[in-house]
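Count residues from 1 along the sequence. Counting starts at 1 for both ligands and their atoms, following the listed order. Quick caveat, the model's predicted, so the values are computed rather than measured.
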Amino acid sequence: MSDMDIELIKAQIDSDIEKINSAKDLEEFRVKYLGRKGILAQLTSSIPTLPQEERGSFGQEVNTLKNKILSLIDEQQKSINTKTPEAKGISCDISLPGISQELGHLHPLTQIIDEISAIFKRMGFSVVEGPEIETEYNNFTGLNIPLEHPSRDVFDTFYLKLPTTNDQRLLRSHTSPVQIRVMKSRKPPLAVVVPGRVYRPDAVDASHSFMFHQIEGFMVDREIKFSDLKGVLEIFAKGVFGKDIKMRFRPHFFPFTEPSAEVDISCIICKGKGCSVCGRKGWLEILGSGMIHPNVFKHVGYNPGLYTGFAFGMGIERIAMLKYGINDIRLFFENDLRFLKQF
Ligand code: DAH
C-alpha cells in the first residue's frame with residue numbers, strides 16, 4: 001500500500017458515494033470501507049510492512065481518510081432520513097387504509113347490571129354498593145343466620161384475618177349484608193338496589209363459579225306489603241325479559257325473610273310448554289325474595305311493629321345467561337373476544 005493507493009481509494013470513494021440511494025446502500029458503503037475486513041483495516045494492517053520513516057505520515061493519512069469517510073456517512077445518513085420511504089428503498093403503498101384503533105365496550109355483565117339498575121331507578125330505587133370483604137355479622141348473624149344454623153352452609157364462603165386486627169372477615173357470599181349496612185346508616189323510607197360481586201367455595205363448572213355477581217333489592221317503610229314486592233318484581237321481569245312473560249311465586253325458606261318465595265318466569269324458550277332449557281317444567285327460577293324478617297329489623301335497630309319491608313336477590317350471570325341463551329358461566333370470565341364482541 002502506498003500514497004498512490006490512497007489516491008485511488010479516494011477516487012473510488014467519490015464514485016461510490018454518488019451511487020448511494022438507500023440505507024442499505026449506505027450500510028454496504030460503510031462495511032466496504034470501515035468494516036472489520038474493510039479497505040481501511042487493510043491499510044492500517046499494512047503499516048508495519050512500510051519503511052520506518054514512512055509509517056508516521058501514512059498512518060496520519062489513513063486517519064484523515066477515516067474521518068472523511070465518517071463525515072460522508074453522516075451526511076448521507078441525514079439526506080436519506082429526509083427522503084420519502086420509496087427513496088429510502090422502503091416500498092409503501094399510501095393508498096392502503098390506515099390501522100384503526102378498535103374501540104372497546106362495556107362487559108356484558110356491566111351492561112346487564114346497568115340495564116337492571118335503570119329499571120329499578122325508574123321506580124325510585126337508588127343504587128348503593130357495599131364492600132366485598134365483609135364482617136361475619138353482616139353476612140350472617142345480622143341477617144338472622146345464627147352461627148350453628150344449617151343454612152350457613154348454603155352461604156358458606158372464604159374467610160380471612162385482616163393483618164391489622166384479629167377480627168374474622170370474609171368475602172361476602174351474597175349482597176344481602178348491604179341491607180344491614182344501609183338500614184343501620186339510614187332511616188326508612190328506603191328503596192335500594194345493590195349490584196356487586198359475591199364469592200362461594202364452589203367448584204367451577206358450566207353453571208358455578210367461585211365468584212359471581214348479584215343484585216340485591218329492598219324496600220322498607222310503614223305498610224310495605226307482599227303485593228308491593230309482586231308489583232315491583234313484575235315490572236323488573238317484564239323490563240328484562242319482555243312483557244309477555246308470566247311470573248309465579250313459590251314458597252321457599254330464607255332465614256332473612258318471612259314469608260319467603262322463589263320467583264320463576266315462564267320459560268323464554270318454550271313459552272311455558274316445557275323444553276330442555278327449563279327441564280320440561282315450563283318455568284325458570286330467577287330470584288329469591290320475601291318480607292324482611294322481624295329479627296333483621298331488630299338487629300339494625302328498627303321497630304318491627306312500625307316498619308315492614310320486602311327484599312329480593314338474584315344472580316346476574318343467571319339472568320344474562322337466560323336472556324342471551326348463554327350455556328356456560330365461564331364465558332363471562334375468560335376474556336375471549338369472540339364471546340365479548342357479541343354484546
Ligand atoms: N341472598 C340470597 C342468595 O344469595 C338471595 C336472596 C333471597 C336475597 C331472598 C334476598 C331475599 O334479599 O329476600 O341466595
Side-chain angles (χ1 to χ4, degrees), residues 113 116-117 120 125 127-132 134-146 149-158 170-184 188 190-202 207-220 224-233 236-237 247-265 284-297 299-300 302 304 307-319 329:
I113 288 172
I116 294 172
S117 303
F120 284 107
F125 284 74
V127 180
V128 170
E129 288 187 18
E132 290 167 33
E134 258 300 0
T135 60
E136 184 279 335
Y137 183 86
N138 287 347
N139 199 74
F140 292 116
T141 314
L143 288 165
N144 197 35
I145 317 175
H149 199 283
S151 67
R152 275 215 181 194
D153 292 352
V154 184
F155 303 106
D156 200 16
T157 182
F158 301 95
L170 45 77
L171 295 181
R172 64 180 180 190
S173 51
H174 47 174
T175 41
S176 306
V178 187
Q179 286 188 33
I180 306 295
R181 290 179 174 271
V182 172
M183 287 195 258
K184 274 190 168 167
L190 292 173
V192 172
V193 284
V194 184
R197 290 196 189 100
V198 301
Y199 300 84
R200 294 199 189 163
D202 286 341
S207 49
H208 294 85
S209 167
F210 55 85
M211 185 281 297
F212 59 100
H213 298 72
Q214 288 188 334
I215 287 192
E216 189 81 11
F218 55 99
M219 186 181 275
V220 182
I224 297 291
K225 298 179 290 297
F226 200 92
S227 53
D228 296 315
L229 171 66
K230 285 183 91 171
V232 163
L233 288 182
F236 151 74
M247 285 180 80
R248 74 171 183 188
F249 285 68
R250 263 184 301 108
H252 196 76
F253 170 78
F254 293 108
F256 27 88
T257 42
E258 181 58 33
S260 305
E262 276 191 335
V263 174
D264 299 339
I265 55 167
L284 299 163
E285 183 219 314
I286 56 162
L287 56 85
S289 66
M291 299 305 289
I292 297 173
H293 198 290
N295 288 349
V296 174
F297 283 144
H299 279 130
V300 296
Y302 286 4
Y307 293 117
T308 53
F310 65 72
F312 58 87
M314 69 187 98
I316 295 170
E317 283 80 357
R318 181 165 168 79
I319 302 286
I329 195 171

Report every pair formed by an N or O atom of ligand 1 and a protein N or O atom separated by less than 3.5 Å, giving atom names and the distance to 0.1 Å.
{"residue": "ligand 1", "atom": "1 (N)", "partner": "His174", "partner atom": "ND1", "Å": "3.0"}
{"residue": "ligand 1", "atom": "1 (N)", "partner": "Ser176", "partner atom": "OG", "Å": "3.0"}
{"residue": "ligand 1", "atom": "4 (O)", "partner": "Arg200", "partner atom": "NH2", "Å": "2.8"}
{"residue": "ligand 1", "atom": "4 (O)", "partner": "Gln214", "partner atom": "NE2", "Å": "2.9"}
{"residue": "ligand 1", "atom": "12 (O)", "partner": "Gln179", "partner atom": "NE2", "Å": "3.3"}
{"residue": "ligand 1", "atom": "12 (O)", "partner": "Glu216", "partner atom": "OE2", "Å": "2.6"}
{"residue": "ligand 1", "atom": "12 (O)", "partner": "Phe312", "partner atom": "N", "Å": "3.3"}
{"residue": "ligand 1", "atom": "12 (O)", "partner": "Phe312", "partner atom": "O", "Å": "3.4"}
{"residue": "ligand 1", "atom": "13 (O)", "partner": "Ala311", "partner atom": "O", "Å": "3.1"}

Given ring-ring contact (aromatic ring centres under 6.0 Å, His included), test Phe218 with Phe310 step by step and report yes or no. CA-CA 5 Å; Phe218 55 99; Phe310 65 72; 9.0 Å; no
Taking the basic N atoms (NZ, or NE/NH1/NH2) and the acidic carboxylate oxygens, is any pair closer than 4.0 Å for [X] and [Y]?
| X | Y | value |
| --- | --- | --- |
| Arg181 | Glu134 | yes |
| Glu132 | Arg172 | no |
| Arg248 | Glu262 | no |

Does Arg200 count as lying over the ring of Phe212, i.e. NZ or CZ under 6.0 Å from the six-ring centre, within 45 degrees of the axis? no
Evaluate the side chain to side chain donor-acceptor pair (under 3.5 Å) criterion for residues His174 and Glu216: first the C-alpha distance (whole Å), next the side-chain angles of each, then the deciding distance (0.1 Å), finally the verdict. CA-CA 8 Å; His174 47 174; Glu216 189 81 11; 5.9 Å; no
